[in-house]
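These values consider heavy atoms only, across backbone and side chains, with no hydrogens, waters or symmetry-generated copies.
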Amino acid sequence: MSEKFLTPSSLPLPAQSPYSGRRKSNYPKILLGVLFVLATLVNFGPSISSLNPLRNDLEFVDDENWIDRFDQGDIEKWSKCPQQPKALFPNTTWELSDEEKKKVVDTFSRAVQIPTESFDDNGEPNEDPRWKPFFDFQAWLEDTFPLAHTTARIEYINTLGILATFEGTDPSLKPLLLMSHYDVVPAPSDTFDRWTHPPFSGYNDGTYIWGRGAGDDKPLLVAQWEAITDLLEKGFKPRRTIIFSHGNDEEEVFARRGQGHIAPFLEERYGKDGLLMVIDEGSGLIDDFYGAPFAIPGMGEKGYMDIVISVGTAGGHSSVPPTHSGIGIMSQVVSALEDNPFPTKLTPASPLLTSLECALAHSPSVPSHYSKLLKSEGPKSYPKLAKVLAKENLKSKAMVGTTTAVDVINGGVKVNALPELVTTLINFRIDFSESINSTQAHVNRLVSHIAKKNGLGYHGFESKKKEELGGKYISVELLGLPLEPAPRTPAEGGVWELFAGTVKAVLPGSNGEERIVTPYASTGNTDCKMYYNLTKNVYRFMGSSVSASFNAHTVDEKFAIEGYLQIIKWVHAIIQNSDSYDGEE
């Protein structure tokens, strides 16, 4: 109960009797009533603090000073829009004829028709029959692009990872690495009747290619092979080594069989920081970024952590239930995590801030309240702007803080038996300014409180075996390997000028105007996470409009043909410009 309801001014006025000329005071009775209510609350009611889900002792506590983890000079740079380089045109451009367009689109369609579905519980490549379409895809790729396959050194890493190396004539130059993956998320058979066109038809309606993988990530992979094939056919002999790297398990939870093997293999071959630049799937082009054409390559990624929480209780017959069963206790755990979220925040560690600074500098239609807060807050924190962004939509909210997603829960085997073990799987996407440690500390604080409240032992991230925990406990363990937020890709220097200059040259605005290139980030993670030892220059960029892709990972996935042609043009250009690049390595 709030104190405002107990102030004299908010109490009802004493009634006046129409039959009496003298007012009779009821204040003593009212005062006694108030005292009675207070006494009842003190002795029998819940504490006032318990009515508030965000109790002070359960709120997120940032025990780390995020600023100390970054160079002060970098923080200052990230708070500003990077300098825009000049457009960098390649030696040749590929203006596809109508016949060539038809050919490359048909190839894209055929790639989608191969059902390379990867599952979280896949076995080993030569043991699990679900991998068979991947061998089919490898054979199709070789048959479809014979010149590139005979020119390159093709290696199959851990059986299904594809590594194609086009050796350059100058071994002193660091290689360019172009990535993509050829696995797709499964298309469940019970959803087939909801698809406009069958999920592995690769249907071409003249505007889109339809099917699972049409958006994620086969257009990029096929475009890479189309671009290098055209260059080779026209006599291109690379000076700088070019590498294509294709993972087969990017869509799996832990993604360790594909790029998890390829990246260490390349590090052993080329050494730490041995690559010039890595370009993988990611964001793309926006023609109306607050009124101006922008390219928004991903130049950072949030961290990642999966956990499994287990509640162990005595179980028993449901006719004699405790106050809270294991499921009831787990519901408290879930509520605690969802009701006490990580703070909403926006700092220079986030590429989102840099993109907004670029909009402020180059876009004519930035909302006035954004402009005001960008100018009045900072330079180290933008709390009011973060709260404004969080109210825009769920995607914007996910960009301004660590997210908590309760995804799977299991418990109980029969309606008349109390559960002995209840588990839940929870995913965290860690904010750019936070860490694995700060995320785990918040989980420990919340879940240990629930354990103590229910008289259970608590074991947080202790890696204990179930038999070591006793019968009554709550445990929290990591599921797979967590990831810290990715290192920021530099937005200055020769490689930045190479990348951004190429974007400006071959992917201008719709009316030919300059396209602004700004650091950005998405809410998800990519295979780039395996390559941070190999280069600091990591770009997550498709080269097509962000509006080209529809319904990735769900029914009616499709990709615009014009977007696919943009990707070919982009890859064709960045290969040439990287080959000609003589700047800092």
* Does F550 have any ring-ring contact (aromatic ring centres under 6.0 Å, His included) partners at least two apart in sequence or in another chain, and if so, which? ->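 ring-ring contact (aromatic ring centres under 6.0 Å, His included) list for F550, sorted by chain: Y208.
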* Structure fact -> Residue set satisfying ring-ring contact (aromatic ring centres under 6.0 Å, His included) with Y531, at least two apart, ordered chain then number -> none
Less than 3.5 Å apart, any donor N or O on the side chain of [X] or [Y] sitting next to an acceptor on the other?
X	Y	result
N577	T502	yes
W210	D205	yes
Q576	S580	no
N427	D306	yes
D216	H181	yes
D183	S118	yes
Q224	S180	yes
T116	K218	yes
H149	W225	no
S545	Q566	no

Indicate yes or no for a side-chain donor-acceptor contact from [X] to the backbone of [Y] under 3.5 Å, with no hydrogens or angles considered.
X	Y	value
S355	L352	yes
T241	G168	yes
T107	K103	yes
S201	Y203	yes
S109	V105	no
N525	K302	yes

* Walk me through it: do F192 and W195 pass the test ring-ring contact (aromatic ring centres under 6.0 Å, His included)? => CA-CA 6 Å; F192 284 9; W195 285 74; 7.6 Å; no
Take a 6.0 Å sphere around [atom1] of [X] and say whether it holds more than 12 heavy atoms from other residues, nucleotides or ligands.
X	atom1	answer
K395	NZ	no
R194	CZ	no
Q83	CD	no

Does a salt bridge link [X] with [Y], judged by any charged N lying under 4.0 Å from a carboxylate O?
X	Y	answer
E434	K345	yes
E281	R540	no
E301	K529	no
E514	K504	yes
D106	K102	yes

Not counting sequence neighbours, which residues clear side chain to side chain contact (heavy atoms under 4.5 Å, CB included) with [X]? List them please.
X	value
D193	none
A295	L285, P297, V503, R515, V517, F541
L425	V308, V408, L479

* Asked: According to the salt bridge (Lys or Arg N to Asp or Glu O under 4.0 Å) rule, which pairs have a member within residues 124-142, sequence neighbours left out?
  ->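 The answer is D121-R130, E124-R257, D128-R130, K132-D136.
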Of all the heavy-atom pairs spanning [X] and [Y], show the shortest one and how long it is.
X	Y	value
A521	P351	CB-CG, 3.9 Å
S396	N393	N-OD1, 2.7 Å
L534	A263	CD1-O, 3.6 Å
N248	G258	OD1-CA, 3.2 Å

* **Heavy-atom side-chain proximity of L389 to M399 below 4.5 angstrom** => no
* Asked: With a 4.5 Å heavy-atom cut-off, do L96 and L565 have their side chains touching?
  ->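 The answer is yes, as the side chains (C-beta and beyond) meet within the 4.5 Å cut-off.
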* To do: Would you check, one step at a time, whether the test side chain to side chain contact (heavy atoms under 4.5 Å, CB included) holds for H369 with V388?
  => CA-CA 9 Å; H369 56 298; V388 169; 3.6 Å; yes
* Can you say whether the rings of Y539 and F499 are parallel (under 30°), tilted (30 to 60°) or perpendicular (over 60°)? -> parallel
Distance in Å, [X] [atom1] paired with [Y] [atom2], rounded so as to fall on 0.5 Å steps:
X	Y	atom1	atom2	answer
F134	I162	CZ	CD1	10.0 Å
H261	L266	NE2	CG	13.0 Å
K174	T535	NZ	OG1	6.5 Å
D527	D249	CG	CG	7.0 Å
T518	H362	OG1	NE2	8.5 Å
L276	Y581	CG	OH	6.5 Å

* Evaluate the ring-ring contact (aromatic ring centres under 6.0 Å, His included) criterion for residues Y564 and W570: first the C-alpha distance (whole Å), next the side-chain angles of each, then the deciding distance (0.1 Å), finally the verdict. => CA-CA 10 Å; Y564 168 61; W570 154 248; over 10 Å; no
* To do: Give the C-alpha distance, both sets of side-chain angles, the deciding distance and a yes or no for side chain to side chain contact (heavy atoms under 4.5 Å, CB included) between Y304 and I430.
  => CA-CA 6 Å; Y304 184 101; I430 303 171; over 6 Å; no
* To do: Determine, step by step, whether F244 and F166 satisfy the ring-ring contact (aromatic ring centres under 6.0 Å, His included) criterion, reporting the C-alpha distance in whole Å, the side-chain angles of both residues, the deciding distance to 0.1 Å, and the verdict.
  => CA-CA 8 Å; F244 288 178; F166 301 85; 5.4 Å; yes
